[in-house]
Amino acid sequence: QPMLEDADGNLWLRFGGLPHLARLDPAGNITRSGERHGLDPLADPITALVDREGGLWFGTTLGLYRYRGEAIDGLNLRTDDGDEIEVSSVYEARDRTKWLVTRDARLAVLRRDGELTEFSALDESGFLALRPELSRTAAGAPWSGRPKVVSAYTAFREDRAGRLWIGTNMGLVAVHADGHLVIYTARFDNEHPGEIDGAINDILVEDEGLWLATSRGLVRFEGDRQVRVWGSADGIDAPILTLLRGRDGALWIGTRDAVLRFVGDRVEPVAGLDPLGQARALHEDAEGRLWIGTYDSGLFRRLSDGTIEHV
């Protein structure tokens, strides 16, 4: 399975057999990476990242690895019980820190000096939770751990000021300048309090605020608060999965059963995509064509004249 292409034109691959990680160079030669390169042959790569300096990082079932020429350095992460941590996602911020998410939904940051800060730990009941000493509420109070369970980290985005915003199944998280997490909890119904309407699936940073794709609709977030929500009354009848700002100024919205076009305060469904299934990825190419990746219906392409093609 291909993972990524590096700056030298090498295609990095994952093999089912040991060792799992391999490099296909432009000449067609395949080099399998194993113990002689510094990689545990049992380390199965899950995700890969090319950082801002061209370095390669691999999240694996046995921790995080960095490729340095012919050598691979490993960072063996372990749980409180001593078990290896599987790194399923890596995000690099502008300050070169690496944010790590593990398969069991732990959150950590690797700083440039090599220091690792873990924001997740087991609580007194044995449940994985955000550490209260490193987290606080949107009101500035110490985080009480309610709700405790963050089971999915869905998006990492930085705003113009350099603040990192993280989308989760339990709301929006901002990384404060002092390193603390500020938590804006999700509201899933009208009876339970929360700062954000629904779980967050995607974040679009724009102007002086954020557009949030949530399980309850489209949310505009400015400063430190939610300022407006567009939901079922506005024509958004399903959870939003992804967002894209088009070159024509329209906001494209991918939901669990449709693609919508949002201009001004109007939400319009895109014709010709029924039935669609889950629209999980949106991309506009140089020719202005909209590409729509779905969960179970394949790939669609919308031409500039509105014609829909099933690729």
Practice item. Using a cut-off of 6.0 Å, state whether more than 12 heavy atoms not belonging to Arg131 lie near its atom CZ. Key: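 Correct, the count exceeds 12.
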**Study point:** Exceeds 12 heavy-atom contacts within 6.0 angstrom, atom CZ of Arg266
**Key:**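 No, CZ of Arg266 has 12 or fewer neighbouring heavy atoms, counting only those of other groups under 6.0 Å.
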Can you give each donor-acceptor pair under 3.5 Å made by side-chain atoms of residues 162-183, sequence neighbours left out, with the distance rounded to 0.1 Å?
unit_1	atom_1	unit_2	atom_2	d
Trp165	NE1	Asp159	OD2	3.0
Thr168	OG1	Met170	N	3.0
Thr168	OG1	Gly171	N	3.1
Thr168	OG1	Gly171	O	2.9
Asn169	OD1	Ser151	N	2.9
Asn169	OD1	Ala152	N	3.2
Asn169	ND2	Ser151	OG	3.1
His176	ND1	Asp178	N	3.3
His176	ND1	Asp178	OD1	3.2
Asp178	OD1	His180	N	2.9
Asp178	OD1	His180	ND1	3.3
Asp178	OD2	Arg136	NH2	3.1
His180	NE2	Glu133	O	3.2

Review point. Within the side chain of Glu222, is there an N or O that forms a donor-acceptor pair under 3.5 Å with the backbone of Val227?
Key: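 Not confirmed, Glu222 side chain does not pair with Val227 backbone.
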Working to the nearest 0.5 Å, report the span between [atom1] of [X] and [atom2] of [Y].
{"X": "Gln278", "Y": "Asp257", "atom1": "CD", "atom2": "CG", "answer": "9.0 Å"}
{"X": "Asp73", "Y": "Arg68", "atom1": "CG", "atom2": "CZ", "answer": "5.0 Å"}
{"X": "Leu49", "Y": "Glu92", "atom1": "CG", "atom2": "CD", "answer": "6.0 Å"}
{"X": "Arg301", "Y": "Thr307", "atom1": "CZ", "atom2": "OG1", "answer": "10.5 Å"}
{"X": "Arg302", "Y": "Leu290", "atom1": "CZ", "atom2": "CG", "answer": "7.0 Å"}
{"X": "Asp113", "Y": "Thr97", "atom1": "CG", "atom2": "OG1", "answer": "11.0 Å"}

Check your understanding: Pairs in or reaching into residues 288-300: which pass salt bridge (charged side-chain N to carboxylate O under 4.0 Å, His left out), with residues at least two apart or in two chains?
Key ->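 Of all non-adjacent pairs touching residues 288-300, those that pass salt bridge (charged side-chain N to carboxylate O under 4.0 Å, His left out) are Asp285-Arg289, Glu287-Arg289.
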Point to revise | Pairs satisfying salt bridge (charged side-chain N to carboxylate O under 4.0 Å, His left out), at least one member in residues 25-40, at least two apart | key: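 Every candidate salt bridge (charged side-chain N to carboxylate O under 4.0 Å, His left out) pair involving residues 25-40 fails, so no pair, neighbours aside, qualifies.
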N/O donor-acceptor pairs under 3.5 Å from side chains in residues 230-241, not counting sequence neighbours:
unit_1	atom_1	unit_2	atom_2	d
Asp234	OD2	Gly231	N	3.0

Practice item. Could you state whether Val259 and Val267 fall into the same hydrophobic cluster, counting links through intermediate Ile, Leu, Val, Met, Phe, Trp or Tyr residues with side-chain heavy atoms under 4.5 angstrom apart? Key: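 No; tracing contacts between hydrophobic side chains, which count when under 4.5 Å, never links both residues.
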Check your understanding: Is Val205 reachable from Tyr184 through a run of hydrophobic residues whose side-chain heavy atoms are each under 4.5 Å from the next?
Key ->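 In one cluster with Tyr184: Val205, yes.
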Review point. Under the side-chain contact (heavy atoms from CB on, under 4.5 Å) criterion, do Thr242 and Asn201 qualify, and how do the steps go?
Key: CA-CA 7 Å; Thr242 186; Asn201 296 313; over 6 Å; no
Exercise for review: Using the side-chain contact (heavy atoms from CB on, under 4.5 Å) rule, take Leu204 and Arg157 through it: C-alpha gap first, then chi angles, then the decisive distance, then the call.
Suggested key: CA-CA 8 Å; Leu204 177 63; Arg157 303 287 188 269; over 6 Å; no
Practice item. Could you please spell out the steps behind the salt bridge (Lys or Arg N to Asp or Glu O under 4.0 Å) verdict for Asp248 and Arg261? Key: CA-CA 11 Å; Asp248 64 354; Arg261 189 172 182 268; 2.9 Å; yes
Side-chain touch [X]/[Y], heavy atoms, less than 4.5 angstrom:
{"X": "Leu4", "Y": "Leu56", "answer": "yes"}
{"X": "Phe262", "Y": "Trp211", "answer": "yes"}
{"X": "Arg94", "Y": "Arg52", "answer": "yes"}
{"X": "Phe156", "Y": "Val101", "answer": "yes"}
{"X": "Val263", "Y": "Glu268", "answer": "no"}
{"X": "Pro19", "Y": "Leu39", "answer": "no"}
{"X": "Val87", "Y": "Ile46", "answer": "no"}

Review point. Would the Phe300 and His310 ring centres measure less than 6.0 Å apart?
Key: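 So the answer is yes for these two rings.
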**Study point:** Derivation of the side-chain hydrogen bond (donor to acceptor under 3.5 Å, both in side chains) call for Thr185 and Glu195
**Key:** CA-CA 5 Å; Thr185 55; Glu195 289 82 21; 2.8 Å; yes
Review point. Hey, which of Lys98, Arg66, Arg112 is the one that makes salt bridge (Lys or Arg N to Asp or Glu O under 4.0 Å) with Glu53?
Key: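 Of all the options given, the one that passes is Arg112.
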Review point. Which residue pairs pass the ring-ring contact (aromatic ring centres under 6.0 Å, His included) test with at least one member in residues 34-59, sequence neighbours excluded?
Key: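 Matches after skipping sequence neighbours: Trp12-Phe58.
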Exercise for review: Kindly give the cluster partners of Leu303, where membership spreads through any ILVMFWY side chain lying under 4.5 Å from a current member.
Suggested key: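 Its cluster partners, ordered by chain and number, are none at all.
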Check your understanding: After noting the C-alpha distance and the side-chain angles of Arg14 and Asp44, does the key distance pass the salt bridge (Lys or Arg N to Asp or Glu O under 4.0 Å) rule?
Key -> CA-CA 8 Å; Arg14 177 199 173 275; Asp44 194 353; 2.7 Å; yes
